[in-house]
There are 2 protein chains.
Amino acid sequence: MARERQAPKFRRAPPSIRREALIEATLASLRKHGHEGLSVRRIGAEAGVSPGLINHHFPSVWTLVAAAYETLSMSLLESIQRRARESDASPRERLRRFYQASFAPALLDPGLFNTWLVFWSMTSHHAQVRAVHDRTYAAYREALESLLGELRRGDGVPRFKPRPAAIALSALLDGLWIEASINPRTFRPAEAVALCEDWTSALCAGAFPSLLAARRSPRPRSPPRC
Amino acid sequence: MARERQAPKFRRAPPSIRREALIEATLASLRKHGHEGLSVRRIGAEAGVSPGLINHHFPSVWTLVAAAYETLSMSLLESIQRRARESDASPRERLRRFYQASFAPALLDPGLFNTWLVFWSMTSHHAQVRAVHDRTYAAYREALESLLGELRRGDGVPRFKPRPAAIALSALLDGLWIEASINPRTFRPAEAVALCEDWTSALCAGAFPSLLAARRSPRPRSPPRC
DNA sequence: CGCGCTGCTATACGGTCGTACAACAACAGC
DNA sequence: GCTGTTGTTGTACGACCGTATAGCAGCGCG
């Protein structure tokens with residue numbers, strides 16, 4: 001009997017390719033199983049690979065998770081930015097598209113939210129993950145800051161402080177995203193977009209007193225009227 | 001030799017007392033160890049009790065965690081409410097105190113944030129925990145809605161819609177609280193309070209278009225001016 | 001075709017996990 | 001003081017965890 005050519009039991013891959021595949025498998029495992037998915041056995045199974053291979057390519061699981069965190073957050077930010085900046089549009093319109101992209105169905109997936117929770121819960125105990133958070137949050141805030149900066153150059157828009165404005169806007173976006181992810185029935189995505197739009201309108205109307213840049217000749221801050 | 005009276009090896013307690021003690025131990029364990037603290041052994045050690053006792057008083061760990069979630073969130077809300085409503089103050093002042101209490105050092109503890117992450121990560125998979133979230137988030141939102149309702153009765157304050165306003169405000173508060181908990185160096189607590197105060201000012205100034213209640217005779221909504 | 005480099009697998013080990021269950025002991029009632 | 005109830009302990013079990021390590025095998029290269 002002629003010896004059949006056996007299908008190879010596994011395929012070799014150059015380290016960079018394998019590392020990327022493991023990162024993707026990590027994201028898939030976390031998305032499916034949440035915190036339970038954070039194990040070399042689950043990730044290995046997801047990647048169709050033996051558990052020991054993770055430790056062969058990454059010094060520890062934390063390094064892999066940090067890489068996955070960076071990959072996912074940068075990918076999401078880039079995706080949202082692309083939708084916000086596609087075609088020429090006014091700064092205000094770009095912000096609106098940013099909001100819409102932030103509350104698109106793909107972003108409101110419960111699996112995505114659970115993945116994010118795992119990343120957040122690791123920032124306290126692992127410096128690498130914390131570093132990734134600091135870096136990606138800064139990138140996110142700077143993206144908003146850039147869009148707000150373009151808005152500020154428009155006619156009749158007051159000279160607000162971009163950085164605190166971006167912080168407030170990102171907090172509003174995050175808070176809405178979280179609640180929508182936990183309980184989609186609290187409000188509809190369109191309502192979230194409307195609330196962000198309102199915030200932008202108020203910003204343009206100069207309705208946020210402490211966000212207005214300090215005047216050359218400071219005048220005493222007036223107390224709230226209500 | 002006279003027989004010495006031995007100190008009892010353990011103390012019995014009526015079920016209600018023991019259950020409460022186990023809830024407190026659960027909160028302490030989660031605060032100290034985050035997700036790792038969610039184990040009958042850790043909780044039992046924290047309560048000075050054998051691991052098996054948890055399963056004797058609670059049908060499963062999820063029931064215990066749901067009870068701890070409810071206890072903690074209601075306790076925090078009550079604490080913030082007490083500070084907001086102590087002594088007579090204007091509605092605006094009460095809101096300011098609510099903000100200040102929300103960003104007090106006790107609320108910005110990393111252990112508290114990690115505890116919250118555990119609760120959130122369980123809402124997807126366990127109906128009991130999800131029910132607690134829905135109930136306590138509703139209570140939180142209604143507290144804000146009540147404070148905003150008092151504000152709305154003031155002179156010169158436009159007739160905004162209380163419910164969406166409370167949703168937006170709670171999102172802003174949550175988003176700021178999360179980022180302050182993850183990375184305290186992004187902004188100072190006073191800045192977070194100022195951003196919330198700004199939001200309130202804008203609300204009073206009628207700067208949130210879609211939050212204004214529909215008119216008796218609706219007029220076409222004007223497009224954004226910037 | 002055959003050799004060798006190395007990506008990869010398979011196994012073993014010590015640890016922690018949740019749960020079940022039998023035995024123990026605190027304490028109230030008699 | 002004795003006894004019964006039952007809150008509580010201690011142990012045992014199987015499953016899964018991360019890591020280390022020895023050896024197998026895919027595949028480029030001569």
Side-chain angles (χ1 to χ4, degrees), chain A residues 2-23 25-26 29-30 32-68 118 121-122 125-126 128-129, chain B residues 2-23 25-26 29-30 32-68 118 121-122 125-126 128-129:
Chain A
R3 269 190 64 197
E4 299 287 338
R5 169 164 296 278
Q6 306 279 355
K9 291 184 179 176
F10 60 91
R11 290 186 161 277
R12 313 188 108 190
S16 64
I17 302 293
R18 184 64 77 189
R19 285 172 56 95
E20 194 175 355
L22 288 176
I23 288 174
T26 303
S29 180
L30 289 179
K32 287 180 188 171
H33 309 110
H35 205 282
E36 316 280 324
L38 194 63
S39 107
V40 288
R41 283 173 169 81
R42 301 244 193 187
I43 296 173
E46 185 70 37
V49 133
S50 82
L53 198 60
I54 277 92
N55 282 329
H56 185 264
H57 284 284
F58 292 89
S60 86
V61 187
W62 318 124
T63 312
L64 171 57
V65 173
V118 174
S121 67
M122 291 179 62
H125 302 304
H126 298 280
Q128 295 187 61
V129 183
Chain B
R3 269 187 65 197
E4 299 286 338
R5 170 165 293 280
Q6 306 278 357
K9 289 183 179 177
F10 60 89
R11 291 186 159 278
R12 312 186 108 190
S16 64
I17 301 292
R18 184 66 77 191
R19 284 172 57 96
E20 193 175 355
L22 288 176
I23 289 174
T26 302
S29 181
L30 289 178
K32 286 180 188 171
H33 310 109
H35 205 281
E36 316 280 324
L38 195 62
S39 108
V40 289
R41 283 173 170 81
R42 301 244 194 190
I43 296 173
E46 185 70 38
V49 135
S50 84
L53 198 59
I54 277 91
N55 281 332
H56 184 265
H57 283 285
F58 292 89
S60 87
V61 188
W62 318 123
T63 312
L64 172 57
V65 173
V118 174
S121 67
M122 291 178 63
H125 303 304
H126 298 280
Q128 296 186 59
V129 183

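Labels below follow one simple rule: chain letters A, B, ... track the order of the sequence lines, proteins then strands, and each chain is numbered from 1. Fair warning: this is a prediction, and the values are worked out from it, not measured in the lab.
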Pick base, sugar-phosphate or nothing for B:His56, based on heavy-atom distances below 4.0 Å to the nucleic acid. base

Of the candidate nucleotides D:dT19, C:dC8, D:dT9, which contains the atom at the shortest distance from the side chain of B:Val49? D:dT9

Mind checking the CG-CD1 spacing from B:Leu30 to B:Ile43? Nearest 0.5 Å is all I need. 6.5 Å

Side-chain atoms of residues 53-67 of chain A: list all donor-acceptor pairs with protein atoms under 3.5 Å, sequence neighbours left out, distances to 0.1 Å.
from    : atom 1 : to       : atom 2 : distance (Å)
A:Ser60 : OG     : A:Trp62  : N      : 3.2
A:Thr63 : OG1    : A:Gln128 : NE2    : 3.4

A:Arg11 CZ to D:dG28 C1', in whole Å, measures 15 Å

Base, sugar-phosphate, or nothing: which does A:Leu38 touch, judged by heavy atoms less than 4.0 Å apart? sugar-phosphate

Who pairs with A:Glu36 by side chain to side chain contact (heavy atoms under 4.5 Å, CB included), at least two apart in sequence or on another chain? A:His33, A:Arg42

If you check the A:Arg42 side chain, which of D:dT9, D:dC17, D:dT19 turns out closest? D:dC17

Would you compute the distance between atom CZ of B:Arg11 and atom CD1 of B:Ile17 and round it to the nearest 0.5 angstrom? 13.5 Å

Between C1' on D:dA12 and CZ on B:Arg41, what's the gap in Å once rounded to a whole number? 11 Å

To the nearest Å, how far apart are A:His57 NE2 and D:dT19 C1'? 16 Å

Identify whether any heavy atom of B:Ser39 sits under 4.0 Å from a base atom; if not, whether one sits that close to sugar-phosphate; answer base, sugar-phosphate or nothing. sugar-phosphate

What is the distance, to the nearest angstrom, from the CH2 atom on A:Trp62 to the P atom on D:dC17? 13 Å

Heavy atoms from C-beta onward define the side chain here; which of C:dA26, C:dT9, C:dT19 lies closest to that of B:Phe10? C:dA26

Taking atom C1' of C:dA20 as reference, at what distance in whole Å does atom CD1 of B:Ile54 sit? 15 Å

Side-chain (B:Ser121) to main-chain (B:Val118) donor-acceptor, under 3.5 angstrom: yes

What's the NE2-C1' distance between B:His35 and C:dC17, to the nearest Å? 13 Å

Side chain of A:Arg18, base of C:dG7: donor and acceptor closer than 3.5 Å? no

Can you tell me how far C1' of D:dA22 sits from CG of A:Asn55, to the nearest Å? 16 Å

In whole angstroms, the gap separating C1' of D:dT5 from CZ of B:Arg12 amounts to 7 Å

Would you indicate which nucleotide in D:dT8, C:dA26, C:dC8 comes nearest to any side-chain atom of B:Lys9? C:dA26

First encountered from the 5' end of DNA chain D, between B:Ser50 and A:Val40: B:Ser50

